[in-house]
Protein chains: 2
Amino acid sequence: MVQRGRRTERVSGDERQDAILVTAEALLGERALDDISIEELAKGAGISRPTFYFYFSSKDEVLLALLDRVIDQVERQVGALPRNFESDPVGAWTRSIGMFIDVFVAHRAVATAAIAARGRNAEVRALWSRSMQSWADFTTGVIQSEQSRGAAPGGIDAHDLAVGLNLMNERVITAVLNRESPTVAESRALDVLSTIWIRSIYGSDHPEIP
Amino acid sequence: MVQRGRRTERVSGDERQDAILVTAEALLGERALDDISIEELAKGAGISRPTFYFYFSSKDEVLLALLDRVIDQVERQVGALPRNFESDPVGAWTRSIGMFIDVFVAHRAVATAAIAARGRNAEVRALWSRSMQSWADFTTGVIQSEQSRGAAPGGIDAHDLAVGLNLMNERVITAVLNRESPTVAESRALDVLSTIWIRSIYGSDHPEIP
DNA sequence: CGAGATAGTCAACACCGTGTTGATTGATGC
DNA sequence: GCATCAATCAACACGGTGTTGACTATCTCG
């Protein structure tokens with residue numbers, strides 16, 4: 001971008017702050033947060049280490065800022081989830097789980113770093129749990145309505161079921177993305193997850209359609 | 001313990017090594033490994049920091065040693081898993097999952113620390129995955145035989161299903177133990193997990209018994 | 001315009017945790 | 001009584017974090 005108007009040698013604060021975030025996200029694509037020094041983040045943004053502290057009070061604050069943006073997208077994504085569970089339960093659930101996977105894939109670096117930081121940082125933990133809550137709440141609502149219209153068996157609390165299945169998604173997807181072992185082939189992950197969801201919500205591969 | 005025989009001022013190496021492990025496990029009950037310094041481990045074992053390095057080359061080595069002992073127990077535990085799936089599928093699965101939970105509860109500190117370290121340490125990752133593999137292999141075998149005797153529907157690879165469900169167990173149990181949110185009440189965890197297992201393996205709450 | 005506020009910057013410092021070196025000590029065996 | 005070996009630790013080197021205090025550029029308002 002070309003400088004317009006009077007030449008200002010000094011770059012604005014917002015640009016610097018953004019440069020730190022961009023640098024952080026790029027480096028998180030290669031390495032864990034622990035292996036990235038504040039020096040590197042500062043260098044990447046063209047500033048010195050003490051100046052970094054002018055913008056963020058720690059590395060974790062940077063992660064928090066990145067995670068914040070992801071959370072916003074998650075909430076938008078959850079709002080755009082399919083609603084046609086009565087007419088096409090299997091398709092609707094599969095598309096919901098597909099969205100969950102897509103968010104993880106799109107923000108792989110931030111998600112991985114957040115999961116690692118969750119253990120030691122309460123703010124990260126709170127923010128992460130907020131986004132999982134979004135999925136769980138949506139899921140709970142759908143399961144409840146499927147149960148009350150008689151398509152899904154009861155015998156288990158809808159919220160418990162929703163939480164269990166969403167935690168499974170989180171864990172299976174991180175295992176797939178990090179190529180852990182044991183794991184599931186990436187190409188089959190969506191199929192495996194939706195099969196488990198359908199069977200454990202409806203007690204069958206072919207839920208009734210009114 | 002009272003000194004017997006000739007008085008030896010100096011304690012034996014094995015005792016020291018053990019004292020480090022005992023100290024580590026105790027401290028891991030309160031704090032994460034990152035928040036425990038080698039100084040503390042050394043102090044707890046009655047030695048100086050440099051001497052710690054005579055016994056272990058790093059903090060992670062200590063965790064690895066603790067984890068090793070857990071792995072042994074896991075393998076013994078898996079060997080003792082019920083085999084009466086044909087006559088009482090629901091009971092047998094419930095007892096298997098119960099054992100999984102028991103191992104986590106019994107070694108909560110080590111398990112939590114290992115999960116946190118898994119992200120940065122390849123050896124911890126390898127060791128952890130070995131124990132998950134034990135559960136997954138056992139589970140895969142049972143699912144396969146249930147599928148081939150016609151009690152469980154196919155449509156999904158037995159190993160994929162086994163891995164997915166075991167990863168769910170790991171994640172749900174850690175969420176419960178760490179009182180994360182969203183989570184499942186501790187008292188209902190076993191019930192929730194076994195319901196999901198039964199439904200997704202058999203496609204029903206009441207598998208056929210020959 | 002000029003004085004004071006405000007935003008941004010960084011050299012230098014204090015601190016803490018890790019891992020290493022090299023010298024020392026007490027048992028053990030020959 | 002001498003050599004060996006396991007065990008020990010003071011002292012050091014290093015790298016990362018977070019803070020201080022002084023400095024500079026830009027903006028603002030009388």
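Worth knowing before you read on, the calculation uses all heavy atoms, side chains too, and leaves out hydrogens, waters and symmetry mates. We name chains A, B, ... by the order of the sequence lines, and we start the count at 1 in each one.
- The base of C/dG19 sits with one of its N or O atoms less than 3.5 Å from a complementary donor or acceptor on the side chain of B/R49.
- In this structure, the CZ atom of A/F54 is 17 Å from the P atom of D/dG21, given to the nearest Å.
- Atom pair A/E39:CD and D/dC14:C1' shows a separation of 15 Å (rounding to whole Å applied).
- Between A/G46 and B/P50, the residue anchored nearer the 5' end of DNA chain C, judged by the nucleotide with its closest heavy atom, is A/G46.
- Here C/dC10 is the nucleotide among C/dC10, D/dT17, C/dG8 with the atom lying nearest to any side-chain atom of A/I47.
- Put simply, A/T51 has a side-chain N or O that comes within less than 4.0 Å of OP1 or OP2 on C/dC10.
- Contacts of A/S37 with the nucleic acid, taken as non-hydrogen atoms under 4.0 Å apart, involve only primed sugar atoms and P, OP1 or OP2.
- Counting to the nearest Å, the C1' atom of C/dC10 and the NZ atom of A/K43 are 13 Å from each other.
- Distances from the side chain of A/S58 to the nucleotides D/dG18, C/dA11, C/dA7 place D/dG18 closest.
- Residue contacts for B/S48: at a heavy-atom cut-off of 4.0 Å it reaches a base atom on one of the strands shown.
- Rounded to an integer number of Å, the gap from B/Y53 OH to C/dT21 C1' is 14 Å.
- Protein atom CG of A/L41 is 17 Å distant from nucleotide atom C1' of C/dC10, rounded to whole Å.
- Taken to the nearest 0.5 Å, the CG atom of A/D191 stands 8.0 Å off from the OG1 atom of A/T94.
- Dense packing is recorded around CD of B/E39, with more than 12 heavy atoms of other residues, nucleotides or ligands lying under 6.0 Å away.
- In this structure, the CZ atom of A/R16 is 12 Å from the C1' atom of C/dA7, given to the nearest Å.
- The neighbour count for A/R83 CZ, taken as heavy atoms of other residues, nucleotides or ligands under 6.0 Å away, is above 12.
- In this structure, the CD atom of A/E15 is 14 Å from the P atom of D/dT26, given to the nearest Å.
- Between B/Y55 and D/dT8, a side-chain N or O to OP1/OP2 separation shorter than 4.0 Å is present.
- In this structure, A/F56 places its CZ atom 16 Å from P of D/dT19, rounding to the nearest Å.
- B/N169 and B/W135 share no side-chain donor-acceptor pair at under 3.5 Å.
- Listed nucleotides: D/dG18, C/dT9, C/dG19. Nearest to the side chain of A/I38: D/dG18.
- Side chains of A/H107 and A/Q73: a donor on one and an acceptor on the other come within 3.5 Å.
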